[in-house]
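Worksheet for the structure shown next.
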Amino acid sequence: MTRPLVKPLGMRALFIGLGLFALTMSPSLGQEQGPIEVPDPVLSGIEFSVSVPGDSSLAARGAPTLRVADASFSLSYDATEGAWTADDVSVASSGSANVEVVANDAVLRSTTTRTIPGWLSILPPLLAIGMALLYRRVVPALFFGIWVGAVIAIGITPWGAFKGLLDSFQVYVLNAMSSSSHVAIILFSLMIGGMVGIISKNGGTLGIVERLTGWASDSKRGQMVTGVLGVSIFFDDYANTLIVGNTMRPVTDRLRISREKLAYVVDSTAAPIATLAFVTTWIGYQVGLLGTAIQNIDGFAQGAYSVFLSSLPYNFYPLLTLFFVFLVAYSGLDFGPMYQAERRARETGEVLGKEAKVDEAASEGEELQPPDGTPFRAVNAVIPILVLVGGVLGGLYATGVQAAGVDAPLRDIIGEANSYTALMWGSILGVLVAAALSIGQGILDLEQTVEAWYEGLKSMLFAMIILVLAWALSNITEVLHTADFLVSVLGEWLPPGVVPALIFVLAAATAFATGSSWGTMGILMPLVVPLVWAVLVQNGMDDPSHYHILYSSVSCVLAGSVWGDHCSPISDTTILSSMASGCDHVEHVRTQLPYALSVGTVAIVFGTLPAGFGMPWWVGLLVGAALLYGLLKVVGTPVDTAEAPAEAPA
């Protein structure tokens with residue numbers, strides 16, 4: 001008879017215990033509980049923002065303030081966001097720091113964060129870059145950088161080292177693949193590889209080779225054709241890189257042009273033309289950043305797109321890079337590691353170095369050789385490529401119209417377009433058309449078409465691994481506030497005349513360390529534009545006669561980002577250029593770096609710096625072009641021009 005009494009008594013005790021716990025935790029009897037959104041970790045001496053979610057009732061005990069490591073900061077209420085915020089918060093010393101919301105000496109909410117020295121934030125990308133260049137193995141270098149960053153984010157302890165190893169994969173690599181835009185790029189890249197596999201197997205690629213080599217009869221003309229194609233596909237750098245690299249690789253192999261030179265031409269015509277052309281996927285992003293930055297400036301009424309157009313003439317690095325690509329191609333001169341690569345290719349026919357690390361499918365392509373008796377019809381490659389390009393352009397227009405409206409100007413339509421959707425539409429249409437042409441003409445059956453698609457897709461897998469790891473490392477730099485530290489170190493002294501040049505260096509260093517040109521633009525543009533305007537106001541130069549400093553500064557954010565993107569071995573576009581060209585990634589960086597450094601130095605010293613002191617932009621371009629021509633003549637060495645052999649090398 002005692003069993004029925006045990007259950008009610010036990011349940012009653014449970015409810016009493018829960019009630020007492022609830023009373024104990026009640027805000028009316030103790031500290032008010034609620035979240036405080038604070039970065040963890042933060043950098044010592046570097047400002048950050050804190051958000052305290054909650055409505056105005058948080059001020060019931062008095063005006064709340066934020067107390068961080070015994071320093072007080074004001075909180076302001078934003079009714080739109082429904083939160084209290086404190087900007088310009090900083091902690092002077094390293095270590096654990098208490099973060100408290102205080103009103104009339106009563107602690108309403110509290111949490112902690114960890115403060116680390118700023119130099120630690122640049123350690124992961126520097127280690128990854130150094131290890132990649134030293135050991136010429138980019139995958140372990142990237143993963144090592146991610147691991148070091150994860151350890152710094154958690155804490156440099158034995159447990160932090162172990163947990164950081166797990167988080168490297170489970171948190172940062174996973175987050176890199178959880179972004180829909182990243183997945184879109186992966187799918188687009190794989191589908192491009194699949195399409196290239198089909199048009200290679202059905203003889204279409206060799207048909208293009210035969211047609212192009214009719215004019216591109218030697219290595220010099222082959223490089224020129226590659227450059228022209230790179231400039232022609234101006235609307236998106238990813239599409240440019242993948243299409244031009246994969247299409248021209250058989251042609252340049254036949255002409256004994258090294259894969260390093262192909263990757264250089266591809267990489268140096270993709271981002272530069274995308275950031276300069278009036279209607280590209282980059283422009284919407286750049287103008288959007290400008291609009292946000294300009295709207296907070298008092299006394300400046302010029303529109304964002306107008307500022308962008310005004311900044312184009314001061315974009316010395318992209319303009320001179322395009323000039324240098326064609327100069328190198330036409331002159332037949334090379335220097336540094338690129339000369340050694342070109343000489344190897346001309347003399348031995350080895351377009352890849354003996355120790356190059358690329359996928360066999362990309363370096364040899366034996367699986368994608370057409371069956372014996374296959375007709376080499378260029379149309380079987382040209383039509384899918386045109387469908388791909390047309391599908392991307394059509395997708396840009398369709399998604400742009402949906403966002404901006406059918407009556408909007410074309411530049412606004414493209415600016416509002418969803419480039420990732422457009423890229424995916426174009427790639428699937430290109431694959432389907434390539435398959436239909438192959439099967440419809442009886443060149444391949446369904447099984448052979450699927451196998452060719454799969455072989456082409458496989459050639460992209462290794463590069464996709466590198467790309468995902470590069471994205472993961474970029475996430476690490478965000479968590480560790482790498483860009484904020486670089487801004488604080490390099491952006492303290494900005495006299496008006498040298499403002500643009502210093503901004504170029506800052507943007508270049510940030511993009512080099514983070515591997516992201518778009519990320520650098522997004523971080524720096526909102527900071528640079530108000531900062532430059534403040535410098536102009538302070539020096540009494542906030543009038544139209546000195547707007548060239550603002551225009552040049554805007555262009556230097558873009559140009560510096562592209563330069564850092566070109567030179568960084570962890571840059572996604574640099575990785576894609578290596579992948580599409582079938583080139584060893586580290587060799588691409590090593591051979592391209594002297595060219596990018598040369599153009600960047602000339603652009604800064606003889607273009608950006610004099611323009612900051614009032615020299616007309618066109619003078620800077622002419623002087624820069626002349627100096628690059630002279631430099632190539634002095635340090636360049638002729639590489640024998642190789643004519644196409646009767647048959648492509650095996």
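Just so it is clear, the model here is predicted, and its values are computed rather than measured.
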> Are Y330 and M224 side-chain neighbours, meaning at least one heavy-atom pair lies under 4.5 Å?
Replying inline: yes
>> I'd like to know if the side chain of N418 reaches the main chain of T421, judged simply by a donor and an acceptor atom lying under 3.5 Å from each other, with no hydrogens or angles considered.
In response: yes
> Side chains of V529 and L290: closer than 4.5 Å at any heavy-atom pair?
Replying inline: yes
> Do L469 and I570 have side-chain heavy atoms sitting under 4.5 Å apart?
Replying inline: no
> Atom CH2 in W563, atom OG1 in T321: separation rounded to 0.5 Å?
Replying inline: 11.0 Å
>> Quick one about S577 and D267 (side-chain donor to acceptor, distance below 3.5 Å, no hydrogens or angles considered), yes or no?
In response: yes
>> Apply side-chain contact (heavy atoms from CB on, under 4.5 Å) to residues V635 and L631 and explain how you reach the verdict.
In response: CA-CA 6 Å; V635 303; L631 174 69; 4.0 Å; yes
Show me the side-chain donor-acceptor pairs of residues 599-608 shorter than 3.5 Å, one per line, residues at least two apart or across chains.
from	atom 1	to	atom 2	distance (Å)
T601	OG1	L597	O	2.8
T608	OG1	A603	O	3.3

> Of all heavy-atom pairs between F504 and Y317, which one has the smallest distance, and what is that distance?
Replying inline: CE1-CB, 3.9 Å
> Would a 4.5 Å heavy-atom cut-off, applied to side chains only, mark V328 and K261 as touching?
Replying inline: yes
>> Please check this pair: side chain of T574 against backbone of D565, looking for a donor-acceptor N/O pair closer than 3.5 Å.
In response: yes
> How far does CZ of F48 sit from CG of D40, to the nearest 0.5 angstrom?
Replying inline: 10.0 Å
>> Evaluate Y551 against W617 for side-chain contact (heavy atoms from CB on, under 4.5 Å), listing each step before the verdict.
In response: CA-CA 11 Å; Y551 300 149; W617 59 266; over 6 Å; no
> Is the side chain of S474 donor-acceptor paired with the backbone N or O of A470 at a distance under 3.5 Å, no angle test?
Replying inline: no
> Centroid-to-centroid, F323 to Y629, below 6.0 Å?
Replying inline: no
>> Give me the atom names and distance for the closest heavy-atom approach of V535 to P496.
In response: CG1-CG, 3.8 Å
>> With side-chain contact (heavy atoms from CB on, under 4.5 Å) as the criterion, how do L309 and L312 come out once you've worked through the C-alpha distance, each side chain's angles and the decisive distance to 0.1 Å?
In response: CA-CA 5 Å; L309 293 178; L312 287 180; 4.1 Å; yes
> What distance separates S578 OG from L262 CG, expressed to the nearest 0.5 Å?
Replying inline: 10.0 Å
>> Is any side-chain heavy atom of L127 closer than 4.5 Å to one of P124?
In response: no
> Taking the side chain as C-beta and beyond, is there a heavy-atom pair between M464 and M579 under 4.5 Å?
Replying inline: yes
> Is it the case that E47 and S90 place a side-chain donor and acceptor less than 3.5 Å from each other?
Replying inline: no
> Is T275 reaching over with its side chain to a backbone N or O of P272, donor-acceptor style, under 3.5 angstrom?
Replying inline: no
> Considering only heavy atoms from C-beta outward, does the side chain of T269 approach that of V244 to under 4.5 Å?
Replying inline: no
> Does Y264 offer a backbone N or O that forms a donor-acceptor pair with the side chain of S268 under 3.5 Å?
Replying inline: yes
> Can you tell me if T591 uses its side chain to pair, donor with acceptor, with the backbone of M338 under 3.5 Å?
Replying inline: no
> What heavy-atom pair brings V307 and V554 nearest, and what distance separates the two atoms?
Replying inline: CG1-CG2, 4.2 Å
>> To check you understand the geometry: which heavy-atom pair defines the closest contact between C556 and I503, and what is its length?
In response: CB-CG2, 4.2 Å
>> Within the structure provided, determine whether I186 and W471 are in side-chain contact (heavy-atom separation under 4.5 Å).
In response: yes
>> As an exercise, state the distance from CD of Q592 to SG of C567, rounded to the nearest 0.5 Å.
In response: 7.0 Å
> Just by modelled atom types, is the A596 backbone N or O under 3.5 Å from a matching donor or acceptor in the H566 side chain?
Replying inline: no
> Which is it for L632 and S331 under the side-chain contact (heavy atoms from CB on, under 4.5 Å) test, yes or no, and what are the steps along the way?
Replying inline: CA-CA 9 Å; L632 190 59; S331 68; 3.3 Å; yes
>> Nearest 0.5 Å, please: how far is OG in S51 from CG in D87?
In response: 9.5 Å
> If you look at every heavy atom in L320 and L621, which pair is closest and at what distance?
Replying inline: CD2-O, 4.0 Å
>> Between R590 and D584, is the salt bridge (charged side-chain N to carboxylate O under 4.0 Å, His left out) condition met? List the steps.
In response: CA-CA 10 Å; R590 193 174 70 90; D584 183 292; over 6 Å; no
> Partners of T510 by side-chain hydrogen bond (donor to acceptor under 3.5 Å, both in side chains), sequence neighbours excluded?
Replying inline: none
> Short question: side chain of T115, backbone of S94 - any donor-acceptor pair under 3.5 Å?
Replying inline: no
>> Between H585 and C583 (side chain of the first, backbone of the second, donor and acceptor by atom type, cut-off under 3.5 Å), is there such a pair?
In response: no
> Between atom CH2 of W119 and atom OG of S44, what is the distance when rounded to the nearest 0.5 Å?
Replying inline: 10.5 Å
>> Which residues pass the ring-ring contact (aromatic ring centres under 6.0 Å, His included) test with H548, not counting sequence neighbours?
In response: none
> So, for M177 and V468, which heavy atoms are closest and what is the spacing to 0.1 Å?
Replying inline: CG-CG1, 3.7 Å
>> Classify the ring geometry of F324 against Y595: parallel below 30°, tilted from 30° to 60°, perpendicular beyond 60°.
In response: perpendicular
> Counting only N and O atoms by type, is there a donor-acceptor contact under 3.5 Å from the side chain of T252 to the main-chain atoms of R249?
Replying inline: yes
